[in-house]
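A short worksheet on the structure shown next.
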Amino acid sequence: MRACALTAALLLACHLAPAPATAQPADALDFVPPEIPGDAETARADWREALRVSVENATSLDRYRHNLVVPVPANSPNSPDTANRTSLDVRGGWNLGREIRASVSDRLNLSFQNDADTVSSRTLRNDLREAFVTWAPTPGTYVDMGRINVRNGVAMGFNPVDFLRAHTLVDQASQDPSVLRENRLGTVMARVQWVGETGAASILLAPRLAPETPIDDQQHPAFNPEWGRTNGTTRMLLSASLNQADDLSPQVLLYHDESETRLGATLSHAVGEATVVYGEWAGGRGTNVSARARAYGARTGSLDRLGALAGLSQPDDGKSFYQDAVVGGSWTSTAKVTLNLEYIYHGAGLSRAEWHDWWKVGSLATQSLPVNELQWYDRAYAKSEQVPFTRHHAFARVAWTDAFIPRLELSAFSLVNLYDGSLMGQVSATYYWSDQWTTEILAGGTLGRDTSVYGSQSRTTNASFRLVRYF
């Protein structure tokens, strides 16, 4: 009742508050380095026009499977779970002078759910997504300092070259990968970019600012910037891209952190006016997803409590060469329907035999044994890293703008595991009532037999309703 009352009062206040006629959805604000106005006084006077503020309320219902082949740990949810999140979202960018621009992206969340205290670190949380300054010393040269969400890649279902995505997720109503990568925590870095007519190049350095954060850590101050999630290790990324006259757009990237070095490449090509084909690849020496999970859990202390399984939490340090690849394309019709199809290969994911061993070992344990925690920790780690848990997948997404009526957008996606045909999917309907109001209904879930990759997950269905007011 308290959640409903608070939500009603907040939305009523939003409805009564005036909004500028030029207001646009917050997602429309692009922080690509802008052209600097002619004089500093005009720039300072215009800063409010670049500010985008919105209030969002999202109510969700999740349902879970019972009698799983691999039982979830005792503290995991297994009954209907309802939650309500009200968020104040602020995004802005304004010029501080002829050559300097500041940008910020922040969201304050107040959440209520049936398995959490009314007031706790789980109910009040601030997500500082971006806060950085851009200096343009010469035309085409940009120097950025601060927290920045760097997104690399041309695919939609999975991006092998999106090297800075790990542990950046924030609460979202949608599970669409293309939505998740746009709204996440940025990384603190220093970056230099060169942009020209024929291409671009950049170099960035992201220093270690804090110890790595356990992926299951829910107890921290509401306004913690969570440097350990985004800057728990020192990283460097070099990239260069070309813009070819024949619509061929290649990019190469070199990534390095304290444990691995990876080389990546992307390529996209327009075929006619309606079709684009693309591909991504990344490769380097490392360990598979399960070994990475155990090593991360050991470093952050998450696996200390497992006691008897301490030996299993210290994986072999031997490394192998692993590759990630995505091949796909998109097609857009004259009726504003866009279809994306992709094949996804994640070499560090579990092979078919390793996946069979995963559920077979887990099925021999009982819910009281810590082996289940270890098994499910592997999957939680893969989700936090935003990588597939197994190797072979297919991805499909369709979006229809102005579907049936103007301002209505319909979309759906499905991620299919090619070992067993199980899938995770979501459908959504979004209606833009005006420049100030948007509503969205989402429904999703997982399908497959109880020993399949997605059929063995604990959550079976989820539904959400979003109401957004822009200012």
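- Here the closest heavy-atom approach between residue Ile344 and residue Gly157 is recorded as CD1-C, 4.0 Å.
- Closest approach of Gly297 and Tyr377 over heavy atoms only: CA-OH, 3.2 Å.
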In sequence, state the C-alpha distance, the side-chain angles, and the governing distance for Arg107 and Arg91, and then conclude on side chain to side chain contact (heavy atoms under 4.5 Å, CB included).
-> CA-CA 9 Å; Arg107 191 180 73 175; Arg91 304 179 189 226; over 6 Å; no
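- In this structure, CG in Asn159 is found 9.5 Å from OG1 in Thr266, a value given to the nearest 0.5 Å.
- At least one side-chain heavy atom of Leu205 sits under 4.5 Å from a side-chain heavy atom of Thr234.
- Taking 4.0 Å as the cut-off between side-chain N and carboxylate O, Arg449 and Asp420 do not count as a salt-bridged pair.
- Between Ser239 and Gln251 the shortest heavy-atom distance is CB-NE2, 4.0 Å.
- Between Leu68 and Trp376, some side-chain heavy-atom pair lies under the 4.5 Å cut-off.
- The NE2 atom of His167 sits 11.0 Å away from atom OG1 of Thr187, with the distance rounded to the nearest 0.5 Å.
- Counted by atom type alone, His393 and Tyr345 present zero donor-acceptor pairs between their side chains at under 3.5 Å.
- Under a 3.5 Å cut-off, the side chain of Thr300 and the backbone N or O of Tyr296 do form a donor-acceptor pair.
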Checking side chain to side chain contact (heavy atoms under 4.5 Å, CB included) for the pair Leu185/Glu226: CA distance, chi angles, key distance, verdict?
-> CA-CA 9 Å; Leu185 296 180; Glu226 300 191 277; 4.1 Å; yes
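- Looking at Ser174 and Gln426, their side chains do bring a donor and an acceptor atom within 3.5 Å of each other.
- Counting only heavy atoms from C-beta outward, the side chains of Thr430 and Leu408 never approach each other to under 4.5 Å.
- Using a 4.5 Å heavy-atom cutoff, the side chains of Ile203 and Arg191 are not in contact.
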For Arg184 and Asp162, run salt bridge (charged side-chain N to carboxylate O under 4.0 Å, His left out): C-alpha distance rounded to whole Å, both residues' side-chain angles, the deciding distance at 0.1 Å, then the answer.
-> CA-CA 13 Å; Arg184 65 189 188 188; Asp162 191 12; 2.9 Å; yes
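- Classification of Glu260 and Arg285 as a salt-bridged pair fails, no side-chain N sitting under 4.0 Å from a carboxylate O.
- Between the CZ atom of Arg299 and the CD atom of Glu212 there is a distance of 4.0 Å, given to the nearest 0.5 Å.
- When all heavy atoms are compared, the tightest approach of Glu280 to Ala155 is OE2-N, 2.8 Å.
- The closest side-chain donor-acceptor pair between Asp257 and Thr233, if any, does not fall under 3.5 angstrom.
- Between Asn57 and Arg85 there is no side-chain heavy-atom pair separated by less than 4.5 Å.
- For the atom pair OH (Tyr432) and OH (Tyr470), the distance works out to 7.0 Å, reported to the nearest 0.5 Å.
- For the atom pair CG (Asn288) and CD (Glu354), the distance works out to 5.5 Å, reported to the nearest 0.5 Å.
- Residues Ile215 and Ala380 approach most closely at CD1-C, 3.7 Å, considering heavy atoms.
- For the pair Arg397/Leu339, no side-chain contact is recorded, criterion being any heavy-atom separation below 4.5 Å from C-beta on.
- With Asp450 contributing its side chain and Val69 its backbone, the two residues share no donor-acceptor pair below 3.5 Å.
- Side chain of Glu342 to backbone of Val327: no donor-acceptor contact under 3.5 angstrom is found.
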Derivation and outcome, side chain to side chain contact (heavy atoms under 4.5 Å, CB included), residues Phe395 and Leu341 = CA-CA 6 Å; Phe395 176 80; Leu341 296 174; over 6 Å; no
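- At distances below 3.5 Å, at least one donor-acceptor pair connects side-chain atoms of Arg65 with backbone N or O atoms of Arg459.
- Counting all heavy atoms, side chain and backbone alike, Pro160 lies closest to Val326 at CD-CG2, 3.7 Å.
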From CA spacing to verdict: side chain to side chain donor-acceptor pair (under 3.5 Å), Thr438, Glu56 = CA-CA 9 Å; Thr438 296; Glu56 172 190 351; over 6 Å; no
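- Residue His346 forms a ring-ring contact (aromatic ring centres under 6.0 Å, His included) with just one option from Trp281, Phe158, Phe389, Tyr322, and that option is Phe158.
- Proximity of Thr86 to Asn109: side-chain heavy atoms (C-beta onward) are nowhere separated by under 4.5 Å.
- For the side chain to side chain donor-acceptor pair (under 3.5 Å) with Ser105, the qualifying choice from Arg129, Arg147, Glu130 is Arg129, the only one to do so.
- Remark: Arg469 does not engage Asp89 in a salt bridge, criterion side-chain N to carboxylate O under 4.0 Å.
- Classification of the Tyr255-Phe163 ring pair by plane angle, with boundaries at 30° and 60°, yields parallel.
- A side-chain donor-acceptor contact under 3.5 Å links Arg379 and Ser456.
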Show your reasoning for whether side chain to side chain contact (heavy atoms under 4.5 Å, CB included) applies to Leu374 and Arg294.
-> CA-CA 8 Å; Leu374 194 61; Arg294 310 292 170 86; 3.5 Å; yes
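- Heavy-atom neighbours of Leu263 CG from other residues, nucleotides or ligands within 6.0 Å: above the threshold of 12.
- A donor-acceptor contact closer than 3.5 angstrom is absent between the side chains of Ser428 and Glu409.
- A donor-acceptor pair shorter than 3.5 Å can be found between the side chains of Asp106 and Asn126.
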Side chain to side chain donor-acceptor pair (under 3.5 Å) between Ser452 and Asn417: does it pass, once the steps are laid out?
-> CA-CA 9 Å; Ser452 65; Asn417 182 270; over 6 Å; no
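- Side-chain contact between Gln172 and Leu180 is present, with heavy atoms from C-beta onward closer than 4.5 Å.
- The distance from atom CZ of Arg391 to atom CG of Asp324, rounded to the nearest 0.5 Å, is 11.0 Å.
- A perpendicular orientation is assigned to the rings of Trp359 and His356, their planes being inclined by more than 60° (bins at 30° and 60°).
- Residues that satisfy the ring-ring contact (aromatic ring centres under 6.0 Å, His included) test with His256, not counting sequence neighbours, are absent from this structure.
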